[in-house]
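Some notes on the structure that comes next.
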Amino acid sequence: MSETTLSTALPPAGRSLGQDAWVRLKRNKAAVASAIVLMLLAFAGIVGPYLAPHPYDRIYPQYVRTPASLEAYPRKDAIAPAFMSALERARVQIGEIAVSGTTVRAPISSDAPLDPRIVRYVDRSDLFSNARLEGLDGKALTAGATSGTIVADVHRLRFLFGTDANGRDLLSRILIGIRISLAIGVLASAMSLLLGVAYGAIAGYLGGRIDNVMMRVVDILYSLPFIFFVILLVVFFGRNFVLIFIAIGCTEWLDMARIVRGQTLTLKRQEYVQAAEALGVPDADIVRRHIIPNALGPVVVFVTLLVPKAILLESLLSFLGLGVQEPLTSLGLLIAEGASNMRGAAWLLIYPAVTLTTMLFALNFLGDGLRDALDPKDR
Amino acid sequence: MIVYVLRRLASAIPTLFIIVTLAFFMIRLAPGGPFSLERPLDPLIMQNLERAYNFDKPLWQQYLIYIGNLLQGDLGPSFTRRDFSVGDLFRTGLPVSIALGSLAMSIALVVGVLLGALAALRQNSWVDYTVVGTATLGITIPTFVIAPLLSLSFGVMMGWLPAGGWGTWQHMVLPVATLALPQIAIVARLTRGATIEALRSNHVRTARAYGLPARVVVGVHALRGAILPVVSYLGPTAAALLTGSVVVETIFGIPGIGRYFVQGALGRDYTLVMGTVVVIACFVIVFNLIVDILYAWLDPRVRYD
């Protein structure tokens with residue numbers, strides 16, 4: 001007699017919609033690379049401004065349009081002449097100036113006793129601080145001495161991406177620009193997501209005459225030029241950060257409403273929804289378990305493609321002078337400034353342009369990757 | 001066909017009327033006026049100015065006056081550019097914008113269709129990948145990045161072409177390139193997709209089965225159908241290109257009409273904004289009509305009766 005053995009092994013684990021999409025997304029190299037780039041950019045935008053060596057709105061009047069360089073300013077060979085010219089006004093004999101690290105020192109002597117107040121001549125310069133007189137033995141100068149050493153600390157500043165036409169550090173400004181551009185992109189998309197999903201779902205769910213009226217309203221809004229709308233908003237409420245993403249969100253929700261409405265309309269008539277209805281599943285559960293997860297794919301894809309669109313619109317507005325206001329900045333504004341300064345200061349255009357292009361590329365590739373991963377027709 | 005065209009043109013009149021009405025009242029909603037300067041004008045002067053331009057009348061009366069003038073082809077005086085009427089501004093600016101726009105359009109059409117068809121014929125080869133990759137690049141990079149970069153590299157650094165300005169044909173190269181590049185990319189992508197589809201369709205297979213030379217199969221039978229989406233894309237795009245681009249005109253310093261809308265709206269130059277709206281609307285209507293006529297000519301299945 002043969003024994004029947006019951007299989008005790010678990011059935012192969014099913015993969016959910018999300019896991020499936022995740023696996024496919026991970027296989028797409030361009031999308032993964034884009035996601036990494038975006039994470040780096042987001043990190044740079046969120047944390048960067050705190051780590052940056054200069055505040056984004058700090059003006060260094062003596063460093064206007066300094067080219068991008070790895071070396072710190074003032075350059076080593078420029079320190080001694082600057083120290084010399086500052087010290088000359090003290091009317092003392094100046095020996096050889098020695099620069100070491102962040103301190104500069106020079107032996108000085110005079111016929112009369114050295115006046116300790118001469119250090120002010122040095123402190124007055126933007127480059128030097130904490131000037132002090134030392135005796136030849138390295139200790140503080142004794143009163144009445146006619147010779148000693150003047151020591152001062154040098155401010156050495158690094159401008160990796162150079163400075164702009166007002167003498168602000170471009171790296172810090174690009175970091176804050178990334179933050180603003182990404183924030184506007186995300187917030188505007190979130191806003192259009194909220195508006196569009198609510199509006200589209202209501203229109204699609206209620207159907208009939210209400211649906212008709214609601215979609216006619218969308219059609220009418222669609223035919224109004226975006227720039228007209230934004231200019232009106234800007235002149236009504238003035239230029240500010242919140243307004244800009246509201247304006248962009250308000251103009252971009254129309255597509256979302258159409259997509260969600262279309263999705264809701266088709267999903268309502270699907271067999272599995274009807275089956276759930278026949279089984280007596282409550283309406284709320286049908287919406288939660290069947291309609292939303294299935295409508296989510298196209299919506300998520302559309303949102304990822306909406307973010308670069310919103311960033312682009314914000315940049316265009318800033319470029320036209322309708323965007324965020326100085327000293328705050330965005331990548332579009334930086335590009336506009338770079339374009340007007342490109343003669344003789346090309347780095348002002350190139351760095352922001354490269355940053356924005358990278359960001360847009362990554363977002364577009366990620367959006368395409370998500371579309372391929374989430375599109376159920378592709379299976 | 002002529003009846004159809006006439007009917008379409010007749011139906012354009014109410015559309016235009018609604019657009020003009022909407023634009024008129026929307027721009028008037030904005031606070032401030034063309035004469036609100038940083039230093040307020042003398043009240044007496046202000047009064048005289050307002051009387052001269054009918055601003056003292058109620059809004060609906062101003063609207064009727066504007067419509068009346070518009071029907072006689074008078075777009076009114078410009079408020080921000082004194083001594084110029086809006087009509088004058090368009091007479092000098094429009095030819096410039098049209099010249100740039102039509103050149104960019106033609107280049108985009110020819111190069112885009114060629115590249116797209118080539119990519120479709122050599123699908124999944126290096127030609128295809130290069131075209132698709134470059135097209136993605138062209139679509140992603142915004143105009144306001146391309147324009148200053150072109151101006152910087154060819155104008156300032158290499159000095160081959162003027163970085164900006166207007167006058168000789170050299171001045172047109174960079175702006176036209178800026179306008180054409182993204183359009184080439186989009187047209188190439190559209191053509192590629194449509195050609196791949198057309199090559200698999202029945203009528204092309206039939207043409208091949210007849211033993212027609214490949215040149216005829218592709219050039220006549222496949223491309224004719226494949227160009228349809230390009231035509232419907234290029235309609236509104238042509239209207240946008242011919243009425244000028246604010247970015248290109250700002251960066252290259254071109255005296256076209258693309259800047260007028262934004263400048264007019266910011267300076268509350270009511271008549272200039274209205275004029276721009278009217279001109280753009282006319283272009284959009286005309287080009288949509290042209291697209292529909294081309295459609296009927298390209299696709300015999302489309303009939304307008």
Side-chain angles (χ1 to χ4, degrees), chain A residues 30 34 220 223-225 227-239 305 308-309 311-322 331-350 352-365 367-368, chain B residues 15 18-19 22-23 25-33 36 132-133 136-153 155-157 159 163-164 236 240 243 245-253 258-259 261-268 273-274 276-277 280-281 284:
Chain A
S34 302
I220 291 169
S223 60
L224 286 177
I227 202 103
F228 206 101
F229 185 72
V230 173
I231 287 173
L232 268 182
L233 276 178
V234 167
V235 292
F236 270 130
F237 301 107
R239 291 161 32 173
L305 293 174
K309 226 171 139 187
I311 290 176
L312 210 59
L313 280 176
E314 186 279 325
S315 301
L316 181 66
L317 283 179
S318 293
F319 187 88
L320 295 176
L322 299 170
L331 291 174
L333 197 58
L334 286 172
I335 291 171
E337 280 170 15
S340 55
N341 282 306
M342 65 185 176
R343 278 169 204 274
W347 65 90
L348 282 181
L349 172 61
I350 291 168
V354 168
T355 312
L356 180 68
T357 313
T358 314
M359 189 188 279
L360 292 175
F361 256 110
L363 281 165
N364 277 322
F365 276 122
D368 284 346
Chain B
T15 314
I18 293 172
I19 292 172
L22 263 178
F25 289 104
M26 271 178 89
I27 186 77
R28 289 306 175 100
L29 275 177
S36 43
V132 172
T136 314
L137 201 81
I139 291 169
T140 315
I141 304 179
T143 321
F144 60 87
V145 171
I146 297 181
L149 283 182
L150 281 181
S151 176
L152 176 71
S153 47
V156 178
M157 286 179 170
T243 48
S245 143
V246 55
V247 171
V248 169
E249 288 179 10
T250 313
I251 288 176
F252 293 107
R259 304 154 297 160
F261 185 78
V262 176
Q263 284 180 1
L266 289 179
R268 304 291 184 284
V273 171
M274 295 298 302
T276 320
V277 168
I280 292 177
V284 170

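When reading the values below, keep in mind they use all heavy atoms of this one structure, side chains included, and skip hydrogens, waters and symmetry mates.
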Next on the checklist: Quick check on the interface: out of A:Pro352, A:Ser315, A:Ala336, A:Gly332, who has the most heavy-atom pairs with chain B under 4.5 Å?
Outcome noted: A:Ser315
Checklist outcome for this item: Here the pair of heavy atoms bringing B:Phe144 nearest to A:Leu356 is CE1-CD2, 3.9 Å
Next on the checklist: For A:Ala362, give me all partners under side chain to side chain contact (heavy atoms under 4.5 Å, CB included), at least two apart in sequence or on another chain.
Outcome noted: A:Ser34, A:Val37, A:Leu38
Next on the checklist: Please classify the contact of B:Leu137 with chain A as side chain, backbone, both or neither, using a heavy-atom distance under 4.5 Å.
Outcome noted: both
Item to check | Which portion of B:Ser151 sits near chain A, non-hydrogen atoms under 4.5 angstrom | outcome: both
Checklist entry - CG of B:Leu149 to CG of A:Leu349: how many Å apart, nearest 0.5 Å? => result 5.0 Å
Checklist entry - Considering the options A:Ile335, A:Leu313, A:Leu312, which one meets the side-chain contact (heavy atoms from CB on, under 4.5 Å) requirement together with B:Pro142? => result A:Leu312
Checklist entry - Based on non-hydrogen pairs under 4.5 Å, which of B:Ile251, B:Val246, B:Leu152 is most in contact with chain A? => result B:Leu152
Item to check | Residue list, side-chain hydrogen bond (donor to acceptor under 3.5 Å, both in side chains) with A:Glu337, at least two apart or on another chain | outcome: none
Item to check | Steps toward side chain to side chain contact (heavy atoms under 4.5 Å, CB included) verdict (B:Val145, A:Thr357) | outcome: CA-CA 8 Å; B:Val145 171; A:Thr357 313; 4.0 Å; yes
